[in-house]
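For ligands, and for the atoms within them, numbers begin at 1 and follow the listed sequence.
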Amino acid sequence: MKRALITGINGQDGSYLAELLLEKGYQVYGLMRRKSKVDYGNAAHLVNDIEFVYGDMTDIVSLVNAMRVSQADEVYNLAAQSFVGTSWEQPIATAEIDGVGVANILEAIRTVKPEAKFYQASTSEMFGLVQETPQKETTPFYPRSPYGVAKLYGHWITKNYRESYNMFACSGILFNHESERRGLEFVTRKITDAVARIKFGLQDKLELGNMDAKRDWGHAEDYVRAMWLMLQQETADDYVVATGETRMVREFVELAFKYAGMDIEFVGQGIEEKGICKKTGKVLVEVNPKFFRPAEVELLLGDPTKAEQNLGWNRKVSFEQLVERMIKADLNRVSSEK
Ligand code: NAP
Ligand code: G4F
């Protein structure tokens, strides 16, 4: 039986990856932070199937302990302060968790079980002010947030340990991936949650920042499969994982309202732009500059050719299916809460 350690087990990707590895017969260990009230987050339904180990990416002792306890053959480092907006408010914590934390886990592996295979959760945020479109493995990086800068350190230290110590260490440069389990502050889930609440009369309108931003959005279930595939190869390498399609935030909003039976149209420009319900004429979407970022990533569009050719990876969930799944789940949840 193969053994895997997943950091960030309570997050969106951690829970989907744990399900995949359990299905494949792995013994799964999950690293989680101690909280004043125990909360397994997205992994709550797996509480009897996973061995949980307390630890923190900023505490190398806890990571050495997690490696000793798990004796993992594969380590998936998904733990991070993952919200770009917060990285301007907590730049140091973000650097310590998302940057130095990667060196900590690599050192823990090197100390306890150097032959373990390692996956690092790198990100398309590292492309930031994009230098080439579509973005691929060879595109130069230009991060635009403290999060992107910290992740770039994590990316390079992973490559450096591969080259310095011959460790099997891979980075997946994953573009945005969402799901019914996405945190409520990320734009897709903020939209589907708000649309459901508006539908059931619990909220008047949705306030957003930059609706012109373009993202390459896929479903998390597809993306965790790519992580696993990377660690099943003969040699370690880095891969872009993306859909090859890009959409504006505004398109996500329109589709989410449509699937909830409330067609909207956008009128006005800039901070005056509004989304109006075609049937009732009510304003359902407004711009609030409070959600603008100090520096924005305007466009992300990934080229997944290498992952498709070398890993045999393909995404299964389309953009439309992603929005539909998320809106359906939030409509069900909000209706039962109501
Ligand atoms: P997520 O839902 O925010 O999950 C992140 C997890 O990291 C949470 O379980 C969190 O635990 C844990 N964590 C945070 N700080 C920690 C610390 N100091 N020590 C230990 N654990 C800590 O993120 P996700 O969407 O699943 O993303 C997984 C990884 O992929 C992240 O590294 C993210 O940066 C990266 N990534 C995500 C995307 C995307 O579009 N989703 C794209 C590219 C890369 P708590 O529950 O205790 O907060
Ligand atoms: O959903 P977001 O917060 O995701 P962002 O910044 O692209 O980061 C996500 O994807 C990265 C991969 O590229 C991951 F590494 C990272 O961990 C995270 O998962 O914002 C998407 C876009 C941005 O351009 C933002 O300015 O939506 C725009 N936006 C417009 N209004 C908003 C809002 N974002 C949020 N969160 N909230 C708004 O009201």
Just heavy atoms, cut-off under 4.0 Å: does [X] contact ligand 2 by side chain, backbone, both, or neither?
X	answer
Leu208	both
Lys190	side chain
Phe291	side chain
Phe292	neither
Ala213	side chain

Any nitrogen or oxygen of [X], side chain or backbone, less than 3.5 Å from one on ligand 1?
X	value
Gln81	no
His177	yes
Ala121	no
Leu174	no
Asn176	no
Thr123	no

Lys/Arg-Asp/Glu bridge criterion (N-O < 4.0 Å) met for [X], [Y]:
X	Y	answer
Glu74	Lys2	yes
Glu207	Lys274	no
Glu254	Arg250	no

Aromatic ring pairing Phe141/His155, orientation class (parallel under 30°, perpendicular over 60°, tilted between): perpendicular
Audit row: Met57, Asn77, side chain to side chain contact (heavy atoms under 4.5 Å, CB included) steps and yes/no: CA-CA 9 Å; Met57 295 310 295; Asn77 183 36; 3.2 Å; yes
Which ligand 2 atoms are under 4.0 Å away from a heavy-atom of [X]?
X	result
Glu296	23 (C), 24 (O), 25 (C), 26 (O)
Thr123	11 (C), 12 (C), 13 (O), 14 (C), 15 (F)
Phe83	3 (O), 36 (N)
Val249	27 (O)

Worked verdict on Gln131 versus Thr139 for side chain to side chain donor-acceptor pair (under 3.5 Å): CA-CA 7 Å; Gln131 303 293 295; Thr139 302; over 6 Å; no
So is [X] close enough to ligand 1, meaning a heavy atom under 4.0 angstrom away?
X	result
Ile97	yes
Leu78	yes
Arg181	no

Are [X] and [Y] linked by a side-chain donor-acceptor pair shorter than 3.5 Å?
X	Y	result
Arg3	Tyr29	yes
Thr58	Glu96	no
Trp228	Tyr26	yes
Glu320	Tyr259	no

For the student: nearest non-hydrogen atoms of Asp216 and Gly244, plus distance: OD2-N, 3.1 Å
Ring-face cation of Arg189 near Phe186 (centre distance under 6.0 Å, axis angle within 45°): no
Ring pair (Phe, Tyr, Trp, His ring centres under 6.0 Å) assessment of His219 paired with Tyr16: CA-CA 11 Å; His219 194 288; Tyr16 282 117; 5.8 Å; yes
Just to confirm my output: which protein heavy-atom neighbour is closest to [atom], and how far is it?
atom	answer
atom 18 (N) of ligand 1	Asp56 OD1, 2.9 Å
atom 6 (C) of ligand 1	Gly8 CA, 3.6 Å
atom 25 (O) of ligand 1	Arg182 NH1, 3.4 Å
atom 14 (C) of ligand 1	Ala80 O, 3.2 Å
atom 21 (N) of ligand 1	Ala79 CB, 3.4 Å
atom 2 (O) of ligand 1	Gln12 N, 3.0 Å
atom 19 (N) of ligand 1	Met57 N, 3.0 Å
atom 46 (O) of ligand 1	Lys35 NZ, 3.3 Å

Under 4.0 Å from ligand 1, counting heavy atoms only, is it the side chain of [X], its backbone, both or neither?
X	result
Glu125	neither
Ser122	backbone
Asp13	both
Met32	neither
Tyr147	side chain
Arg33	side chain

Joint cluster assignment, [X] & [Y], ILVMFWY side-chain distance < 4.5 Å:
X	Y	answer
Val149	Val102	no
Val240	Leu174	no
Met32	Val69	no

Whether over 12 other heavy atoms sit under 6.0 Å from Lys190 NZ: yes
Minimum non-hydrogen distance to [atom], winning option of [options]:
atom	options	value
atom 23 (O) of ligand 1	Gly14, Gly101, Gly11, Ser82	Ser82
atom 1 (O) of ligand 2	Asp212, Asp98, Val187	Val187
atom 2 (P) of ligand 2	Arg182, Glu178, Arg293, Arg189	Arg293

Ser171 side chain to Ile173 backbone, donor-acceptor under 3.5 Å: no
Close N or O approach (Leu300, ligand 2; < 3.5 Å): no
Any N or O of Arg215 closer than 3.5 Å to N or O of ligand 2: yes
Lys279/Asp263 under salt bridge (Lys or Arg N to Asp or Glu O under 4.0 Å): CA gap, chis, key distance, verdict: CA-CA 7 Å; Lys279 219 189 259 170; Asp263 278 337; over 6 Å; no
Heavy-atom side-chain contact between Phe118 and Arg162 under 4.5 Å: no
With Arg315, the side chain to side chain donor-acceptor pair (under 3.5 Å) member among Glu245, His177, Glu308, Glu221: Glu245
